[in-house]
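Worksheet: the structure to be examined is printed underneath.
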Amino acid sequence: MSTIDVNNLLSQMRQMSAQVRAPQAVAKVAPTAGQPDFSSVLKESVSAVGRNQMEAGRMAASFERGDPGADLGRTMIAVQKADLSLRTMVEVRNKMVDAYKEIMNMPV
């Protein structure tokens with residue numbers, strides 16, 4: 001799973017805060033060339049979690065069938081990696097929802 005650029009995220013949050021304070025004074029800011037925007041990073045992270053889940057499921061099914069070359073160690077590592085990435089994504093979602101609720105409850 002790719003890491004989120006904290007500085008970029010903070011910069012976007014500051015820009016949104018400035019737009020709320022003075023919407024007519026702030027121009028629309030395009031993402032810097034070479035840096036992905038938050039939505040593309042989030043989409044890539046979600047798809048990476050999905051790929052981990054699919055790979056773990058494929059490896060587990062292969063081991064259950066008794067296919068030659070199916071290794072219990074690698075299968076267990078893939079399952080744990082998929083579980084950890086899913087838990088991480090759920091926690092990121094929870095933090096984003098909490099941040100959204102906090103921002104929505106701020107006085108204007």
Side-chain angles (χ1 to χ4, degrees):
M1 185 162 44
S2 62
T3 60
I4 297 175
D5 183 15
V6 176
N7 291 329
N8 188 19
L9 180 61
L10 288 173
S11 171
Q12 289 177 0
M13 290 176 75
R14 286 185 187 117
Q15 290 171 359
M16 288 180 199
S17 175
Q19 287 176 351
V20 169
R21 289 188 196 120
Q24 62 275 29
V26 178
K28 186 173 181 177
V29 178
T32 309
Q35 291 184 340
D37 60 342
F38 181 72
S39 64
S40 65
V41 171
L42 187 62
K43 286 177 188 176
E44 178 57 36
S45 298
V46 170
S47 65
V49 170
R51 286 191 303 269
N52 286 343
Q53 294 286 322
M54 295 290 283
E55 179 67 14
R58 186 189 62 74
M59 289 179 77
S62 175
F63 181 77
E64 290 168 359
R65 285 190 306 266
D67 291 346
D71 181 29
L72 177 62
R74 285 186 297 192
T75 301
M76 293 305 297
I77 289 172
V79 169
Q80 289 298 317
K81 183 178 176 182
D83 181 56
L84 183 62
S85 65
L86 181 63
R87 284 193 217 177
T88 303
M89 183 58 64
V90 168
E91 286 302 316
V92 167
R93 183 214 50 191
N94 291 343
K95 292 293 184 183
M96 289 175 64
V97 168
D98 290 342
Y100 175 77
K101 286 179 182 176
E102 186 175 327
I103 290 170
M104 293 307 293
N105 289 331
M106 286 181 174
V108 177

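Throughout, residue positions are numbered sequentially from 1 according to the sequence presented.
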field: Distance, nearest 0.5 Å, that separates CZ of R93 from CG of L42
entry: 12.0 Å
- prompt: Under the salt bridge (Lys or Arg N to Asp or Glu O under 4.0 Å) rule, what pairs show up with a residue in residues 78-88, not counting sequence neighbours?
  reply: D83-R87
message: My understanding is that a hydrophobic cluster links ILVMFWY residues whose side chain heavy atoms are under 4.5 Å apart, including indirect links. Using that, what else belongs to the cluster containing V97?
response: none
Side-chain donor-acceptor distances from residues 99-108 under 3.5 Å, at least two apart:
| from | atom 1 | to | atom 2 | distance (Å) |
| --- | --- | --- | --- | --- |
| N105 | ND2 | K101 | O | 3.1 |

message: Hydrophobic clusters here meaning ILVMFWY residues chained together by side-chain heavy-atom distances under 4.5 Å, can you tell me if L86 and M54 are in one?
response: no
- prompt: Which pairs, with at least one residue in residues 52-75 and sequence neighbours excluded, count as a salt bridge (Lys or Arg N to Asp or Glu O under 4.0 Å)?
  reply: E55-R58, R65-D67, D71-R74
field: side chain to side chain contact (heavy atoms under 4.5 Å, CB included) partners for M76, two or more places apart
entry: L72
field: Closest heavy-atom pair and its distance - S85, V49
entry: O-CG2, 3.7 Å
- request: Flag yes if I77 and L84 sit in one hydrophobic cluster, no otherwise; membership is Ile, Leu, Val, Met, Phe, Trp, Tyr, and two members link when side-chain heavy atoms are under 4.5 Å apart.
  value: no
field: Closest approach of M59 to A78 (non-hydrogen atoms, all atoms of both residues)
entry: SD-CB, 3.6 Å
